[in-house]
Structure formats: structure tokens, C-alpha cells
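Comments concern the structure below.
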2 protein chains.
Amino acid sequence: MGTLTIGKLAAKGGVGVETVRYYQRRGLLAEPTRDNGIRRYGDDDVHRLRFIRSAQAAGFTLEEIGELLSLDALQDRTRAHALAEARIVAIDAKIVELQSARASLARLATECAGNTSVACPIISAFEA
Amino acid sequence: MGTLTIGKLAAKGGVGVETVRYYQRRGLLAEPTRDNGIRRYGDDDVHRLRFIRSAQAAGFTLEEIGELLSLDALQDRTRAHALAEARIVAIDAKIVELQSARASLARLATECAGNTSVACPIISAFEA
DNA sequence: ATAGGTGCTGTACCATGGTACGGAGTCAAG
DNA sequence: CTTGACTCCGTACCATGGTACAGCACCTAT
């Protein structure tokens, strides 16, 4: 039991009120205690909500995040370790991909700068 | 006019046949010439399709990609340059975010490895 | 000449992650 | 004691990027 209303919690988590309700429906956040029908949240809910956002930024889907949360409760180290490792591999691949895309875009930006006579070949920007 | 059927084009672009049709509906690929009702594609279509996939990997939405393709036709260097720069900024931010997430996950993986007595705190993995 | 593999069309459906009501009740400040 | 902000619930809707038919035509190899 806490003191935060859903609006305060949402603000602390950087999401909208509807999103909190949505996460509750998805089972990512527990149904909190009610004060006269009104949901009341505590700091643990704030942590949980922030965890969800961070895990999303790491590329986990909401479904995977649900699993992570349940693993946390079960202290299932093995599975947690496996999920983390798998995500690290995916992140590394994504970073490489983004770096390559960045290089292509930088080249494109250079070639499209100014009104030089050099062509500005957008479609071929990602070749090679 | 080319020699490739939609299936061959899709294979060269690493997508499904339905995806090619979808891109056509979205206006990302031009309606090709027909040979007896059958779409025929050429190398330029392959380039275009591959460009779409690369641009997607760079984080452009299909709508933005549509704009890029039209800019290419218009040789609008200024706008192309602006879009490229904006995307580079977004990519850099994303890379930083992913690197941070990676570090958190690496920490989590270390702490959840083995059956040591150290806790395996999944929810707090992304704090700090 | 017949069976598979493609191709055609249109429309419907899918997953993901929310977002937006409407109509009601509650709470705190002026 | 009213006004405005916030909350409740359920259901419907949204954007993005596809994916899946159904029902038909065509071409090629066996």
C-alpha cells in the first residue's frame, strides 16, 4: 500500500495513465491496494514501472518483460542469465547494424550538402 | 521492363512476396510493367527494394522512406540532407541507449551466473 | 493431360503497444 | 458547496508493418 495515485505513478514512470492501466491488464504491474476504489501505489511500483521502461529500451517485448518479472520473483537465475545473454547478443547485432546505417547516412549527408556538382544518390546511399 | 517475377524479386530483397505487393500498395515500389498480367521487375527494382530494407534498418519508417524515394527523384539535396542528419542524431541516441542497456544486462548476467550467494536482482538490474 | 508451383486480385486478419472515449464517482481548494 | 482535476470501468479504436486467405489463371515438367 502506498500513497501515489495512478497519475502520480505514471508521471514518475514517464508514461501515461492509460499505459499503467494497460500494463496492469497485461499483468506486468500488480493490481494495487485500493483506497475507496482508488488505486494506491508505492515505491516498489515505481521501480517496477521504471524497470519495464528500461527493459523495453533494451529491446525486450512486454511478454518477455513479464517473464523477467516472474523470474525475479522465483529467483530463477539460470533462465534470467540465458535471457540476458540472448538479449546482449541481439543488442550487439543491432548496434553494429546501426553503426553501419549511420556511416551510410553520414556519407549521404556529405554528398547532399551544398550545391556541388556531385550527385546526391539517395537510393544508392546504403550500397556497400 | 525486367525479367524477374515477383517471387524472384522478393527473394533477392530478402522479403516475402506479400511484402513486395504491400510496398507497391504503399507506393514505395512502382507498379512494374506486366507480361501477360505478370509483373516483371528489373535490377532497379532490386536496388529500390534493398534500399527500403536498409533504410528501415536505419530506423526510417515506411512513410519517411517514401519521402526519401521521392526526394531521390527530385534531387532535393536540402531535404535529403536534413533527413539524414536527423536520423543520424536519432541513431546516435539509440546506440547510447543500447550500450547502456547492454551494460545493465551484462551486470545482470554476471550476477545471475552460477549459484553463488549473491542475489540475482532482475528488477533492479537497470538502476543507475 | 494433369499436378505443382507460381502468379493474379481483393479483402480480412494479425501482433505489438498503446490511446481514446463516455459516463460516472471522488477529492481538495476557494 | 461548488468547481475543476483526478479517478473509475469497459470497450473501442489507433498506427505500424506486414501476413493470410480464397478462388482463379497460367506454365512447365512428368
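Every chain is numbered from 1 and lettered A, B, ... according to where its sequence line falls, protein lines coming before strand lines.
- Spacing between atom CG of L62(A) and atom C1' of dA15(C) amounts to 12 Å, rounded to whole angstrom units.
- Counted within 6.0 Å of CD on E63(A), heavy atoms from surrounding residues, nucleotides or ligands total 12 or fewer; the atom is thus considered open.
- Checking the phosphate oxygens (OP1, OP2) of dG18(C), no side-chain nitrogen or oxygen of T19(A) falls inside 4.0 Å.
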Exercise. Would you please test R39(A) and Q24(A) for side chain to side chain contact (heavy atoms under 4.5 Å, CB included) and show each step?
Key: CA-CA 11 Å; R39(A) 295 172 176 85; Q24(A) 231 141 52; 2.9 Å; yes

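- Taking the side chain as every heavy atom from C-beta outward, L105(B) and F60(A) approach each other to under 4.5 Å.
- A salt bridge links R79(A) with E67(A); the closest basic N to acidic carboxylate O contact falls under 4.0 Å.
- Below the 3.5 angstrom threshold, one finds no donor paired with an acceptor across the side chain of R40(B) and the base of dG7(C).
- Comparing dG17(D), dT9(C), dC9(D) against the side chain of R39(B) picks out dT9(C) as the nearest.
- Nucleotide dT26(C) holds its C1' atom 10 Å from the CG atom of D35(A), rounded to whole Å.
- Applying the 4.0 Å criterion to OP1 and OP2 of dG17(C), one finds that T61(A) has every side-chain N and O outside that range.
- Distance from the side chain of N36(A) is smallest for dC27(C) among the nucleotides dC8(D), dC27(C), dG18(D).
- Side-chain contact check for H81(B) and E111(A): no donor-acceptor pair (N or O, by modelled atom type) lies under 3.5 Å.
- One finds a side-chain N or O of Q56(B) lying less than 4.0 angstrom from the OP1 or OP2 phosphate oxygen of dG18(D).
- Per the geometry, CD belonging to Q24(A) stands 15 Å off C1' belonging to dG18(C), to the nearest Å.
- Between I38(A) and E18(B), the one whose closest nucleotide on DNA chain D sits nearer the 5' end is I38(A).
- At dG17(C), none of the side-chain N or O atoms of Y23(A) fall inside 4.0 Å of OP1 or OP2 (strictly under the cut-off).
- Checking the phosphate oxygens (OP1, OP2) of dT19(D), no side-chain nitrogen or oxygen of R25(B) falls inside 4.0 Å.
- Atom CZ of R34(B) and atom P of dC26(D) are 14 Å apart (whole Å).
- Put simply, NZ on K8(A) is 8 Å from P on dC6(D), counting in whole angstrom units.
- In this structure, CD1 of I52(B) is placed 12 Å from P of dG17(D), rounded to the nearest angstrom.
- The side chain of R26(A) lies closest to dG17(C) when the candidates are dG10(C), dT7(D), dG17(C).
- Here Y22(A) does not reach the OP1 or OP2 of dT16(C): none of its side-chain N or O atoms lies under 4.0 Å away.
- Between the CZ atom of R21(A) and the C1' atom of dT11(D) there is a distance of 10 Å, given to the nearest Å.
- Between T5(A) and dT7(D), a side-chain N or O to OP1/OP2 separation shorter than 4.0 Å is present.
- Spacing between atom CZ of F60(A) and atom P of dG17(C) amounts to 13 Å, rounded to whole angstrom units.
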